[in-house]
Participant: 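What follows is a structure written as structure tokens; I'll ask about it next.
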Amino acid sequence: MDNYVITIARGFGSGGKEIGTKLGERLGIPCYENQILDMASEQSGIGKHLFAEVDEKIKGKRIARLLKINPIEKLAKPSEKAFTSDNNLYNIQCEIIRELAKTESCIIIGKCADYVLKDFKNVVSIYIEAPRKNCVESIMRKLQVSEPEAHELISKTDKYRADYYEYYTRGGYWTNPVNYDLTLNSARVGREKCVDVIVDYLKIRFDL
């Protein structure tokens, strides 16, 4: 196999980004998260702030209405009104994710990457979660917030990630274990050991 890709979906506070970063260091491959927004902005000429506004979220009160509409997969042209629409910003990111999967070994965190790359044979998809108590402690420590604030951040972030996934996958369930090769509880095995488990699975899957 010329290259392989690991996608990581994660509950807020579960350590998915940290695990992805450590995995990239272990494997010697890049780990993409917000870098996808930079690449999308550079490729399209659209300001990064517009991509950031809809990064794994559907804006404001539009959620209920948008969930009833099928997203358009065709890329809009710069001359079209829809060029800076939420759907097109998502589609631009999808094109970048697919191109990465074709050309290099890498890790992609979030961005519905497991769904975007569902037809690629060189992809392993991982979901990282942890009990609420552990996620709260992690967010309190990382962001220096109170326990109530951490609970609120987790509820809000996981909700908009779930809504985003449901919309762009046409009703998909973000935490459905069938979507993933592995679902790991980072609190039980530890974040460093999660990296070990994923590396061992890659060896089995791709005979590395």
Side-chain angles (χ1 to χ4, degrees), residues 4-27 29 31-37 54-58 63 67 90 93 97 101 106-118 120 123-205:
Y4 59 91
V5 178
I6 302 110
T7 72
I8 296 180
R10 71 285 184 227
F12 192 56
S14 67
K17 183 176 180 179
E18 178 185 337
I19 291 166
T21 300
K22 290 182 176 180
L23 181 63
E25 292 170 355
R26 178 86 66 89
L27 297 171
I29 61 176
C31 180
Y32 296 108
E33 188 193 30
N34 289 335
Q35 296 91 333
I36 299 289
L37 308 184
V54 294
D55 183 27
E56 295 190 85
K57 64 174 78 73
I58 299 174
I63 292 175
L67 290 178
Y90 170 79
Q93 292 180 72
I97 290 169
C106 62
I107 299 159
I108 302 174
I109 298 177
K111 311 291 185 286
C112 289
D114 65 287
Y115 177 79
V116 175
L117 301 178
K118 65 183 185 302
F120 283 66
V123 174
V124 163
S125 293
I126 313 293
Y127 179 70
I128 307 292
E129 192 53 278
R132 183 59 169 257
K133 175 178 179 292
N134 299 86
C135 292
V136 167
E137 291 173 354
S138 178
I139 294 302
M140 289 174 64
R141 183 171 58 251
K142 182 178 180 181
L143 300 182
Q144 296 297 299
V145 296
S146 67
E147 183 173 343
E149 288 172 322
H151 275 289
E152 183 178 357
L153 283 169
I154 291 168
S155 295
K156 183 177 180 180
T157 304
D158 284 351
K159 176 67 165 59
Y160 73 61
R161 285 177 179 172
D163 288 337
Y164 181 89
Y165 193 92
E166 182 179 356
Y167 174 58
Y168 285 110
T169 63
R170 293 174 170 80
Y173 181 38
W174 173 48
T175 57
N176 185 351
V178 176
N179 296 340
Y180 306 101
D181 292 73
L182 294 173
T183 299
L184 298 174
N185 183 333
S186 60
R188 287 192 177 180
V189 70
R191 296 181 182 183
E192 195 67 47
K193 292 293 184 182
C194 281
V195 175
D196 294 338
V197 172
I198 296 169
V199 170
D200 286 343
Y201 182 75
L202 289 170
K203 291 176 182 178
I204 295 170
R205 176 75 182 275

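Numbers for residues simply follow the sequence, beginning at 1. Everything numeric here is computed off the predicted structure, so don't read it as measured data.
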Participant: Is any side-chain heavy atom of I36 closer than 4.5 Å to one of D55?
Facilitator: no
Participant: Do K193 and R188 have side-chain heavy atoms sitting under 4.5 Å apart?
Facilitator: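 No, too far: nothing below the 4.5 Å cut-off.
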Participant: Any salt bridge between E56 and R10, counting N to O under 4.0 Å?
Facilitator: yes
Participant: Please give me the minimum heavy-atom distance between S186 and I128, naming the atom from each residue.
Facilitator: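 Looking at all heavy atoms of both residues, the shortest contact is CB-CG2, 4.0 Å.
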Participant: So, are K156 and E149 salt-bridged, with charged N and O less than 4.0 Å apart?
Facilitator: no
Participant: To the nearest 0.5 angstrom, please state how far the NZ atom of K159 sits from the NZ atom of K57.
Facilitator: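 Result: 13.5 Å between the selected atoms.
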Participant: Take V124 and Y4 through the test side-chain contact (heavy atoms from CB on, under 4.5 Å) and record every step on the way to the result.
Facilitator: CA-CA 8 Å; V124 163; Y4 59 91; over 6 Å; no
Participant: To check you understand the geometry: which heavy-atom pair defines the closest contact between L117 and A101, and what is its length?
Facilitator: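 Closest approach of L117 to A101: CD2-CB, 3.7 Å.
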Participant: Atom CG in D114, atom CD1 in I97: separation rounded to 0.5 Å?
Facilitator: 10.0 Å
Participant: Kindly say whether L23 contributes a backbone atom to a donor-acceptor pair with the side chain of E25 at under 3.5 angstrom?
Facilitator: no
Participant: Do V116 and Y168 come close enough that some side-chain heavy atom pair is under 4.5 Å?
Facilitator: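 Of all side-chain heavy-atom pairs linking Y168 with V116, none is under 4.5 Å.
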Participant: Could you state the interatomic distance from CD (Q93) to NZ (K111), rounded to the nearest 0.5 Å?
Facilitator: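 With rounding to 0.5 Å, CD (Q93) is 6.5 Å from NZ (K111).
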Participant: Begin from the C-alpha positions of D196 and R26 and carry the test side-chain contact (heavy atoms from CB on, under 4.5 Å) through to its verdict.
Facilitator: CA-CA 9 Å; D196 294 338; R26 178 86 66 89; 2.8 Å; yes
Participant: What are the two closest heavy atoms between I108 and A113, and how far apart are they?
Facilitator: CG2-CB, 3.7 Å
Participant: Can you label the angle between the Y165 ring and the Y115 ring as parallel, tilted or perpendicular, going by 30° and 60°?
Facilitator: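 Aromatic pair Y165/Y115 classed perpendicular.
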Participant: Measuring from E33:CD to T21:OG1, what's the distance to the nearest 0.5 Å?
Facilitator: 8.0 Å
Participant: Given R141 and E137, is the salt bridge (charged side-chain N to carboxylate O under 4.0 Å, His left out) satisfied, shown in steps?
Facilitator: CA-CA 6 Å; R141 183 171 58 251; E137 291 173 354; 5.5 Å; no
Participant: Quick one: NZ on K118 to OG1 on T7, what's the gap to the nearest 0.5 Å?
Facilitator: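 The distance works out to 12.5 Å.
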Participant: Is the shortest heavy-atom distance from the side chain of R132 to the side chain of I154 under 4.5 Å?
Facilitator: yes
Participant: Between Y201 and L184, is any pair of side-chain heavy atoms under 4.5 Å apart?
Facilitator: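 Contact flag for Y201/L184 side chains = no.
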Participant: To the nearest 0.5 angstrom, please state how far the CD1 atom of I126 sits from the CD1 atom of I109.
Facilitator: 12.0 Å
Participant: Tell me if the CD atom of E152 is crowded by more than 12 foreign heavy atoms within 6.0 Å.
Facilitator: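 No, because the 6.0 Å sphere around CD of E152 holds 12 heavy atoms or fewer from other groups.
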Participant: I need the minimum non-hydrogen distance between G20 and I107, along with the two atoms involved.
Facilitator: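 So the two residues come closest at O-CD1, 3.4 Å.
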Participant: Got more than 12 heavy atoms from elsewhere within 6.0 Å of OH, Y173?
Facilitator: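 No, OH of Y173 has 12 or fewer neighbouring heavy atoms, counting only those of other groups under 6.0 Å.
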Participant: So, S125 and Y127: side-chain donor and acceptor under 3.5 Å apart, yes or no?
Facilitator: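 Looking only at side-chain atoms, Y127 and S125 do not form any donor-acceptor pair under 3.5 Å.
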Participant: Over all heavy atoms of both residues, which pair between V123 and D181 is shortest? Give the atoms and the distance, please.
Facilitator: O-OD1, 4.3 Å
Participant: For A150 versus I139, what's the shortest heavy-atom pair and its separation?
Facilitator: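 Nearest heavy atoms, A150 then I139: CB-CG2, 3.9 Å.
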Participant: Determine yes or no for a side-chain-to-main-chain donor-acceptor pair under 3.5 angstrom, with S138 supplying the side chain and N134 the backbone.
Facilitator: no
Participant: Does either side chain, that of T175 or that of R161, offer a donor lying less than 3.5 Å from an acceptor on the other one?
Facilitator: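 No.
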Participant: Applying side-chain contact (heavy atoms from CB on, under 4.5 Å), run through I19 and I198 and close with a yes or a no.
Facilitator: CA-CA 10 Å; I19 291 166; I198 296 169; 4.1 Å; yes
Participant: Atom NZ of residue position K17 - does it have more than 12 heavy atoms of other residues, nucleotides or ligands inside 6.0 Å?
Facilitator: no
